[in-house]
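What follows is one structure encoded as structure tokens, with my remarks underneath.
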Amino acid sequence: MGNRRRGHTHAPKTPPLSLDTHSSDHEQDVKHRICMVSDFFYPNMGGVESHIYQLSQCLIEKGHKVVIATHAYGDRRGIRYLTNGLKVYYLPLQVMYNQSTATTCFHSLPLLRCVFVRERITIVHAHSSFSAMAHDALFHAKTMGLNTVFTDHSLFGFADLSSVLTNKLLTVSLCDTNHIVCVSYTSKENTVLRATLDPEIVSVIPNAVDPTDFTPDPSRRDNSKITIVVISRLVYRKGIDLLSGIIPELCGKHPDLCFLIGGEGPKRIVLEEVREKYQLHDRVRLLGALDHKDVRDVLVQGHVFLNTSLTEAFCMAIVEGASCGLHVVSTRVGGIPEVLPDELVTLCEPSVQSLCDGLETVIARIRTGNVASPATIHRKVRTLYTWRNVAERTEKVYNRVCREPVLPLSDRLHRLRSHCGAVAGSIFSFVAVITFLFLLFLQWLRPDHLIDVAVDSSGPHSRLGQHVSKKTSKTPNPAVS
Amino acid sequence: MAEEEFTDINGNSISLDCQTHSAFCREFTVTAPKLSLRKVMVCTCFIWLFAYAIFFLTENTAVLSSAIILTLAGMMIHIHFVKVDHETLLIIGSLGIQLSSSYASGRESTTFIEMSKLKDIVINEAVYMHSIIYYLCILIKDPAEPETVASVVPLFQSSKPRLNCLVQVYRSCQEILAETR
Amino acid sequence: MVLKIFFPQCCNIADSGLLIGHWIPGHNSAVVLAVVHYPFIPGQVKKYLNQMQSQSQVHLTVLGSWSMPKEGKEGMDSFLKDLSTIFPQKCWLQLSREIGKTGFTCQVVQNDGKLLQDRKEKNDDDSSEEDKIIFVHYDQRKVMLSQLHPVQEVSQKSEIEPSELRLVFQTVAQSQPLFFLDKYDDGPLKLTHWQSEGREASIIAELLKQASVPVCIFLTWLLSLWHWFCSFRILHSWPVLFISSKLSTCVQSGYRGVHFKTVFSPQKAATHMDFMRKANIFVSFLVDIALGLLLVSWLYRENRISKLADTLVPVADRVAKELQELLEWLMGAPAGLKMNRALDQVLGRFFLYHIHLWISYIHLMSPFIERILWYVGLSACLGLTFALSILSDIVALLTFHIYCFYVYGARLYCLKIYGLSSLWRLFRGKKWNVLRQRVDSCSYDLDQLFIGTLLFMILLFLLPTTALYYLVFTLLRLVVVLFQGVIHLSVDFINSFPLFAIGLRICRPYRLAEGVKFKVLCQEPGTPLHLMMEINPLKFSSVLQCYRTPTYSGYPKDSWAALSKKLFVGELIYPWKQKTTKTD
Amino acid sequence: MMGADSGPGAPAVPWRKVLYERQPFPDNYVDCRFLEELRRNIRVRQYRYWAVVRETGLIAQQVSCVAVFLTLWSYMEQGDLEPSLVLWVCLGCALLGYGLYEILGGACVRERTRLADLQSATIFLAFTFGFSPVLKTLTESVSTDTVYAMSAVMLLAHLVSFPYAQPSPPGSLSLNAALFGSVCLASRLPGALHTFTMLSCALLVFALWPCLLHRMRDKAEWSFPWAAVLVCLAGVGGLGSLWPEGALLLSLALLTLTLLCPLLLVLLQRHKDNIHGPWDEAEIREDLSRFLN
């Protein structure tokens, strides 16, 4: 509570020193060796995954060295190389609950240490507060004396017990992280409150979409009817129940309306029931899980993009929809109001009634024809969010972070105890001590000079890396463990 | 050929012996350190003391004899199946590659891979136990469609040399492959 | 491109002459098969080669010349060059040895007659050109006789072209007829190659081969007789089929019939695998018979049969009595367990009645047992496997009551478990949705709930009793199944063990080759690389899994987890599960 | 360059909380409007004491229902109570209750015909009567303590899982648990008739009474507290006739339940500090079941 008030009182403060007040030219060409850590990466598909991938690609373009560490997916374990020598470590860690590894703060240390040492990592960048591996990585990186950055992709409430616990954990794991990146201002407020952070070390860098992937194509539309596209995982948080209310309402009123729903999930049952009950099999098409490459083909078939999420940090889906030239109708929750200017999006309250009204106004506008053409919408959206821009801003964060000192163990313990409350603080400082001892043991067992320095496959000195990557990436399954 | 000082991934020193029979026939021999007598002694003594303790408690001489037999059999099995003395990679241009590993007991197991089956020799990374290591491996073509890799044969599996050693072997193998393709 | 010359060891010290061999297409490598010594008449050589070529589908050619220096012979070079014009080749090899040098030297003459490399020019400039040649020495006999694995038959042309070594092996093996002309008979030509010694011994083998054909025909006739007998439709009526599919003796006999058919088929084994299969089956059959006869000779001495019979009846009696005691124990409070008395009594009485039936049955047939055993014992002459399978059948018959108990117990228990699971769902207010294959919540009426709960309680409180009976009889059943399983395993082992292949591997390791291995022979400067090609024998494990005769697996293959799950939910388990699934 | 080009010179334009617009502020800029949308304790219901007390009456009467049942059982076990007499009383109560139910629900449309009611009643009676000898012998080999423990657990489960929100019809789990417990107890009674009686009592108390009570609550609002109080008194009295200390305990428990706990709830409301903001997961207010079934 007290902490939270502190976070609150931080708000009315004079604008702080900006990131790049003392960033001079010689720092612009400082090249970092970054390790992105998250449980969520390809082959798993989603917002976090594509964020990590695109960001890494742009950073590699700017000449940094990037490797990604995630857990093994099925038989995809070991080391793989993606485009431009982006190196991915699929570490064999036990997956506990929907693609998130079990966290014990210890068992992942040997492997992560090996990765950090052999890749000569300078900055550890962890993603997504749902990923236990990311938190472990933050912890271990601090133990090994590396600077850390954390990107939070999700919002959390404060109401129930589970969120209280998770927020406590987040407080602990972020308490000595050098910098935190949030994807929207709402998300920043949320994270500052949850982890009781100083808002100055929290930057807001929105997600981006690749505008070339999402280009409009009006010819694909069937203008004899009006198509509403919904693309999201069919889960409660995405407001599928609202959708199940909207469908019969609107289909009853407008006979020329049809829905195109892409995505898979437990709530699919609900939609199917609605479809059966109202005999809408020809007007409501459930496409099931979509590959990322198919999303655009689905989007361009529609006139309106509907997003019924109940909570969103930064809704990439609506940006994609708008980029394909659709009129976006969305709920006014989370960071969504910040994402698109009002002429591109129609915001409604998260209720069936309000959403139906919003949709009907849009439908009416479409019928009368006073709507912006897809091309114009696309032109407006195209320049808003680009990965290159995201990479530049993230680079600034790195530049700032790599200047900061790393706390020695004693200060770290003190900070833990002072920052995270007596109980959790002392528990986790104990854990930190244990981890430190464990690290010492590992260093005795396998000293750093025995770990071969990896050949750079990206970054400044990466020619041989490309060579090796060209060769090794042929191997079907490099893991022998 | 010049012998440098190499170590395996655990820091034990190994020796790489590379002799050139002709321009397109080379033989690399990685020799692991010999079975250290001290270690053998220690473990034998340990087992026997343990056995003697049991014997002391239960006045049963079968324990002692079984312990002796156990140690002997264990040593036999170890030197015959586990302990590899040296591994050899014989590459003959346009004919094939022959891997042989000879155990401490002198047993030798050899496999020969023809050039037509072989796709390439690469240095690869893998997660091994709780660390990530480099290893040299042969890619075997899939006979049906030659562009894909059917299987991977790792080299120097028992004595795991470090990268510098692997790179040396890799380079000269690539030379031969290049000139006899 | 490197030129590879596969050179037979036996020709190392041959006199000078012509090299006869085969260019392996597309691999730029030559296999030397023999050396024709001087003097010869080129025409005869060509004729001889043609006839050889017609016998063995190998394209034999004159590869070049072989000169073995002797005292007082020199200046052959010009002569050798002329030879190349006599036998026009696109590429002419001139191998030559010198005194005091182990390595050969080789010159390659392209068909336009110019030396590709010359001794003199080789002397002054570096020996890189010389290095472009590899001599691979091989042992002709071993290579001819050995079979590369994985076996890839010549007859069936697969889309992937055979690799170089395979081609070399095939060439040497096919050019067998070349080796029959030996150096003693005074033909127009004198050759050096591997000599197949001991024609005389092989005459007997020839005779045997000739004799085996009518024997085979006769036996196949007998077999067809047997099949005709088997094909009576009375034997195909349901009960007979059912019983015969359950009796492991019948299965074994049918299986043996199939074996005989393969072994005694009069036509010659075409491919290597066929031959090996035949040989394996035949040898294991012989061993089987031998063991069986051994058993018989042991069994029919100092009338062990009657002793056996005298022991058998009391044993069966004893088993029945033990069961009776067990049941009485169960009908009390076994191990202090609280069981429902009424149900306990009912079940106990039911089973006791069965045991009474059983005992009377045993006593009824006790006088005949000895004779039965005597006749059964004779079956061992057909082989140990028969004896074993009959034994397992007898065990199955003698423990029929246990089987019955087990089935009753299992059925009862299964019903209970099923009812309980569904009622437990009702108890929690859930129901199993068949369409969605999941548990939905549903609101029941009061009376449904009421009755459901009553039944649930009744089943729940009666469960321990049933479960106990089920447990005990399942354990008994498992013992029997285990015994039968062991017997089936041994029978399988005898049937499928590739004895011949193993023997071959032990006595003639080179016959079954996994691959080859090369040794670098001593090499001197100025001579090309010399390799020794040896044969890498097949591993025993791969011998087993390559030549193991396929057989029905009598033992259940389902995993331990699946088995325990079955036991828990009370499904029936059989030792012959796999077999039935295979037959139908 | 977005967010980067902010010199030390304070920018003129005001900061806006939007992402689509490139503003001359650094990425980690903290505006004075930071966290302005933070709300505390919105949607906190202010409870009124007596209303809460009134609601807790339901729980109290359920607890005392169990007490009444146990009293009946112990009387019958000691044999002070003639099963036939109890049966007659039960029958009377059942008819009375049914009549009351009908009168109260006269206005609303009835989903079950009288025939159906009769049918289920006969089913109850027939099955109970048929099964009672079986149930009698069912648990005899199980030791008495086990049976008591089991029934105690089951009755507790009944109390816990009872759907106090809408008590009609009683939720499956609670009713089943109650029936289980009562069968366990009934099987300890001297005769089959006793068992039968006990089970029908259980049916009356645990299955039918909640329905009636529910009907009373929404049809005749005034009668509900009285009924609750009546049941509580009956429970306390019945227990008191057997075991005075138990009655004392029960009454104490009921008092705490009805008076103290609501007081605590109302008092503790003040210390509630619950922060809300745009990040909260919006909950769906309107009921969507109408679209489905």
Side-chain angles (χ1 to χ4, degrees), chain C residues 329-348 416 419-433 435-436 438-469, chain D residues 111-112 116-144 146-147 150-151 154 157 161 163 166 168-184 186-187 195 199-200 202-204 206-208 210-211:
Chain C
W329 178 68
L330 283 178
M331 285 165 70
L337 288 176
K338 306 268 178 34
M339 313 217 298
N340 186 288
R341 189 171 36 75
L343 183 65
D344 203 9
Q345 293 298 327
V346 171
L347 288 175
K416 276 242 164 72
L420 269 178
S421 58
S422 53
L423 283 176
W424 169 243
R425 265 182 244 118
L426 175 135
F427 192 84
R428 281 165 26 236
K430 302 273 200 297
K431 76 172 196 303
W432 175 253
N433 185 333
L435 295 180
R436 295 238 173 83
R438 66 173 191 197
V439 174
D440 291 350
S441 65
C442 110
S443 66
Y444 292 93
D445 296 346
L446 278 185
D447 38 9
Q448 286 170 333
L449 285 177
F450 182 71
I451 295 166
T453 315
L454 286 190
L455 290 177
F456 178 72
M457 285 199 64
I458 292 170
L459 285 187
L460 188 64
F461 279 102
L462 291 188
L463 183 65
T465 318
T466 336
L468 191 65
Y469 274 86
Chain D
E111 65 279 7
R112 286 169 63 91
D117 294 341
L118 191 65
Q119 193 180 356
S120 39
T122 43
I123 288 178
F124 287 141
L125 294 180
F127 267 85
T128 325
F129 196 75
F131 274 132
S132 46
V134 181
L135 297 173
K136 175 86 188 57
T137 63
L138 206 52
T139 64
E140 65 187 5
S141 63
V142 184
S143 81
T144 314
T146 322
V147 169
M150 231 186 316
S151 40
M154 282 301 165
S161 66
Q166 72 284 13
S168 155
S172 330
L173 182 53
S174 63
L175 178 61
N176 287 329
L179 284 176
F180 196 109
S182 44
V183 170
C184 287
S187 64
T195 314
L199 280 184
S200 26
L203 208 59
L204 214 57
F206 294 121
L208 303 179
C211 304

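All of these numbers come straight from a predicted model, not from anything done at the bench. Every chain is numbered from 1 and lettered A, B, ... according to where its sequence line falls, protein lines coming before strand lines. When reading the values below, keep in mind they use all heavy atoms of this one structure, side chains included, and skip hydrogens, waters and symmetry mates.
In this structure, CE on C:Met457 lies 4.0 Å from SG on D:Cys184, to the nearest 0.5 angstrom. Rounding to the nearest 0.5 Å gives a distance of 3.5 Å between CZ of C:Phe450 and OG1 of D:Thr128.
Most heavy-atom pairs under 4.5 Å with chain C: of the set D:Thr139, D:Leu208, D:Val134, this distinction falls to D:Thr139.
The salt bridge (charged side-chain N to carboxylate O under 4.0 Å, His left out) test applied to C:Arg428 returns no partner, not counting sequence neighbours. In terms of the side chain to side chain donor-acceptor pair (under 3.5 Å) criterion, D:Lys136 has no residue partners (sequence neighbours excluded). Here D:Thr146 pairs with D:Ser143 under the side chain to side chain donor-acceptor pair (under 3.5 Å) rule; sequence neighbours left out.
Using a 4.5 Å cut-off between heavy atoms, D:Ile123 contacts chain C through its side chain alone, with no backbone atom that close. With a threshold of 4.5 angstrom between heavy atoms, C:Ile451 approaches chain D through side-chain atoms but not through N, CA, C or O. Contacts of C:Leu343 with chain D are absent, with no heavy-atom separation under 4.5 Å from either backbone or side chain.
Within residues 175-182 of chain D, the residues having any heavy atom less than 4.5 Å from a heavy atom of chain C are, in residue-number order, D:Leu175, D:Asn176, D:Ala177, D:Leu179, D:Phe180.
The aromatic rings of D:Phe131 and D:Phe127 sit tilted, their planes meeting at an angle between 30° and 60°.
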Report the C-alpha distance between C:Leu426 and C:Phe456 in whole Å, list the side-chain angles of each, state the deciding distance to 0.1 Å, and finish with yes or no for side-chain contact (heavy atoms from CB on, under 4.5 Å).
-> CA-CA 9 Å; C:Leu426 175 135; C:Phe456 178 72; over 6 Å; no
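Residue C:Thr465 forms a side-chain contact (heavy atoms from CB on, under 4.5 Å) with just one option from C:Val346, C:Asp344, C:Leu330, and that option is C:Asp344.
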